[in-house]
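The structure displayed is predicted, hence computed values, not measured ones. By convention in this document, chain letters (A, B, ...) are assigned in the order of the sequence lines, proteins followed by strands, and residues within each chain are numbered from 1.
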Amino acid sequence: MKNDNTVRFTPKNYVVTAVLLAIVTAALAAAPYWLGRADLRLAGEIMLYISLATLWNLLAGYAGLVSVGQQAYVGLGGYMLFAFTIFIGVPPILAIPIAGVIGALLAIPVAFLVFRLRGAYFAIGTWVIAEVFRLSFAQISALGGGSGTSIPASIVKSMAETRAARESLSYWLAFGLAAFIILFVYLYLRSSKGLALTAIRDNELAASSLGIDIWKTKFFTYVVSAALTSMVGALIFLQKLRISPDAAFSVNDWTAFVIFIVVIGGIGTIEGPIIGAIIFFALRETLADLGTGYLITLGVVAIIIMLKAPNGIWGILRDRFDISFFPLLYRVENQKQDR
Amino acid sequence: MNYILSVSDLSKSFGAVTVADEQNFGVTQGEALGIIGPNGAGKTSLFNLITGTLAPTSGTITYCGESITKQSAALRCKKGIARSFQVPQPFSGMTVFENALVAATQAANLRGQAAYDFCIKVLEQTELLAKANIVAGQLTLLDRKRLELTRALCTKPKLLLLDEIAGGLTESECVSLVDTIKAIHAEGVTIIWIEHVVHALLAVVDRLIVIDFGRIVANGNPQQTMNSDQVREIYLGIDADV
């Protein structure tokens with residue numbers, strides 16, 4: 001019997017989205033040539049938040065690990081950058097992957113601890129761990145203790161001679177890391193391990209009965225996302241040039257805003273965190289003058305989205321226009337019928 | 001005897017409630033074994049013990065000559081024990097095809113085109129191919145049950161555990177399901193089938209086990225077992241002496 005069915009990832013208007021994606025990527029890669037200084041800085045910040053949101057989405061939206069303690073790895077990455085550049089003299093760009101490796105190594109014992117907890121207890125557990133990280137780094141006087149420290153000017157100058165060159169480099173690092181993280185998450189989810197992860201998200205009982213080692217799959221996802229979050233953290237504080245325990249391990253900056261971004265953009269999709277980050281920064285830039293009113297507005301927006309569009313802004317767009325920039329859905333097509 | 005699966009002195013209790021009480025039985029390669037018993041007798045619990053989603057209080061489970069008592073559910077599935085759940089447990093956010101693909105890639109270890117082709121073949125057999133792109137959460141009860149069977153088959157099982165897969169189906173649906181199960185059995189898959197729809201069960205099985213209060217009260221030829229006094233007593237409540 002001849003098989004008339006084929007399986008493809010690609011949706012109908014694949015060429016349009018692929019071309020669009022290529023144009024946007026090229027434009028963003030060339031941003032230092034067409035954006036002003038302030039805008040370039042903002043674009044870099046957006047890239048870093050896209051990275052954080054993509055990683056949190058991988059944890060919460062796919063692995064079902066709702067962590068409110070990812071600031072532990074942001075802060076750890078930042079501190080590792082400072083420690084390795086100041087004390088050991090490692091070039092800052094090399095210190096970023098080192099921060100990632102250390103993040104992964106620390107995530108292993110942390111995972112053994114917090115994986116004993118489920119649901120809300122897991123969330124609180126991760127937050128407590130992050131607080132332990134914050135209090136521990138506040139004890140290290142070599143890194144400025146509770147008041148923090150700055151990167152010496154000589155190390156900053158070693159990256160690039162002029163200020164403009166440093167700012168371009170800083171942006172490219174943020175853009176490169178964001179692109180790498182999105183590509184990694186996309187390929188991971190398209191792999192058979194990613195299929196297992198999505199199955200776990202939907203039904204753990206069925207997943208374990210179909211040969212999926214739930215603990216191992218979640219563990220791998222947690223450790224990898226901790227490593228990448230640490231790298232993002234290192235990059236964040238390479239831009240800030242100053243670090244303190246309160247800034248490094250801020251639950252507001254590195255987790256609450258990130259959750260907001262993922263929820264309004266669309267949890268459990270790759271496009272969601274990207275769109276969410278753009279909306280978050282659009283709101284922040286337009287409402288910054290309102291003071292506390294800005295945070296209240298963010299809260300109201302989040303509540304409305306959760307009530308009216310649980311799949312986020314991307315969920316609405318996807319259902320309406322049947323588009324996908326990062327197709328993950330397997331489609332079975334019958335060639336007899338479709339041709 | 002050359003058993004593919006055997007349990008010896010298998011017991012499980014939750015406090016005062018005993019769901020498996022010193023059970024001993026074996027299933028030979030290629031056999032189709034039926035299990036009946038009243039609600040709450042411990043039939044599904046027995047499947048949970050065999051597949052590893054429940055750990056026994058005591059006793060051992062031997063599969064293909066090896067004790068699997070302490071192994072994880074995932075590992076047992078990879079070794080060829082598959083089940084369908086009584087209450088369907090679909091991956092509701094994934095399509096029917098993706099549900100099948102999870103089983104084929106994770107348990108049967110197939111990759112790429114080989115996995116796709118195998119899933120499509122199984123979906124054809126279970127009459128779900130036309131619904132391959134539908135999200136599983138939107139399926140009707142009948143299709144959810146078919147999906148349970150599809151996923152179990154996509155693991156390439158040696159031993160297939162079916163838990164009340166005919167419950168709630170219409171007569172014609174039931175007939176087509178029995179045909180499907182017969183075809184699977186004819187391919188050499190060993191089957192253990194829990195079912196309340198006895199005529200469907202008797203059309204397939206070679207042997208029948210009756211469980212009541214976690215105990216095996218009868219084990220033998222299906223027709224003789226159905227006519228035995230113990231079964232009449234359990235189901236009809238008639239004292240055998242009257």
Side-chain angles (χ1 to χ4, degrees), chain A residues 1-12 61-64 189-219 266-269 310-311 315 318-319 322 324 327-338, chain B residues 47-48 51-53 72-85 87-113 115-117 119-121 123-124 129-133 135-137 147-148 151-152 154-156 161:
Chain A
M1 191 184 70
K2 197 183 158 293
N3 189 353
D4 293 316
N5 296 283
T6 50
V7 179
R8 324 193 304 161
F9 279 107
T10 46
K12 285 171 206 140
Y62 284 95
L189 290 175
R190 266 182 72 152
S191 74
S192 84
K193 286 270 161 266
L195 198 64
L197 195 63
T198 317
I200 291 171
R201 176 196 68 185
D202 279 1
N203 193 322
E204 289 201 6
L205 176 65
S208 68
S209 296
L210 290 172
I212 299 170
D213 190 328
I214 292 179
W215 199 92
K216 222 194 272 175
T217 309
K218 285 189 174 183
F219 177 77
I267 193 164
T269 63
N311 294 326
R318 182 188 53 193
D319 295 346
D322 189 27
S324 179
L328 285 170
L329 204 68
Y330 291 81
R331 296 181 193 225
V332 181
E333 290 174 358
N334 191 305
Q335 294 173 340
K336 266 188 199 156
Q337 282 166 15
D338 292 354
Chain B
F47 273 12
N48 289 341
T51 54
T53 50
S72 72
L75 188 58
R76 295 186 204 194
C77 176
K78 284 188 174 171
K79 289 185 172 173
I81 303 179
R83 79 179 294 182
S84 76
F85 285 94
V87 178
Q89 305 280 344
F91 301 124
S92 40
M94 304 170 86
T95 66
V96 167
F97 178 77
E98 288 171 328
N99 269 265
L101 195 59
V102 169
T105 54
Q106 310 301 319
N109 229 2
L110 294 170
R111 289 289 179 275
Q113 198 60 45
Y116 302 160
D117 289 344
C119 288
I120 286 169
K121 201 186 103 201
L123 284 167
E124 229 163 15
L129 189 55
K131 291 169 181 158
N133 293 328
V135 174
L147 184 59
E148 284 292 322
R151 281 196 315 203
C154 282
T155 67
K156 288 199 169 168
L161 310 180

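- Both the backbone and the side chain of Arg151(B) come within less than 4.5 Å of a heavy atom of chain A.
- Top candidate by heavy-atom pairs under 4.5 Å with chain B, chosen from Leu205(A), Ile214(A), Ile200(A), Asp213(A), is Leu205(A).
- Put simply, of Thr105(B), Thr51(B), Val102(B), the one with the most heavy-atom pairs under 4.5 Å next to chain A is Val102(B).
- A donor-acceptor contact shorter than 3.5 Å is absent between the side chain of Gln106(B) and the backbone of Gly211(A).
- Of the listed residues (Pro90(B), Ala82(B), Gly93(B)), the greatest number of heavy-atom pairs within a distance under 4.5 Å of chain A belongs to Gly93(B).
- With a threshold of 4.5 angstrom between heavy atoms, Arg76(B) does not approach chain A through any atom at all.
- In this structure, Asn99(B) contributes its side chain and Phe91(B) its backbone to a donor-acceptor pair below 3.5 Å.
- Interface remark: Thr95(B) contributes side-chain atoms only to the contact with chain A (heavy atom separation under 4.5 Å).
- Ranked by heavy-atom pairs under 4.5 Å with chain A, the first of Leu75(B), Thr155(B), Ile81(B), Leu101(B) is Leu101(B).
- No donor-acceptor distance shorter than 3.5 angstrom exists from the side chain of Asn48(B) to the backbone of Thr53(B), with no hydrogens or angles considered.
- Nearest heavy-atom pair across Cys119(B) and Phe97(B) is CB-CE1, 3.7 Å.
- Heavy atoms of other residues, nucleotides or ligands lying less than 6.0 angstrom from NZ of Lys79(B) number more than 12.
- The closest side-chain heavy-atom distance from Lys131(B) to Leu123(B) is not below 4.5 Å.
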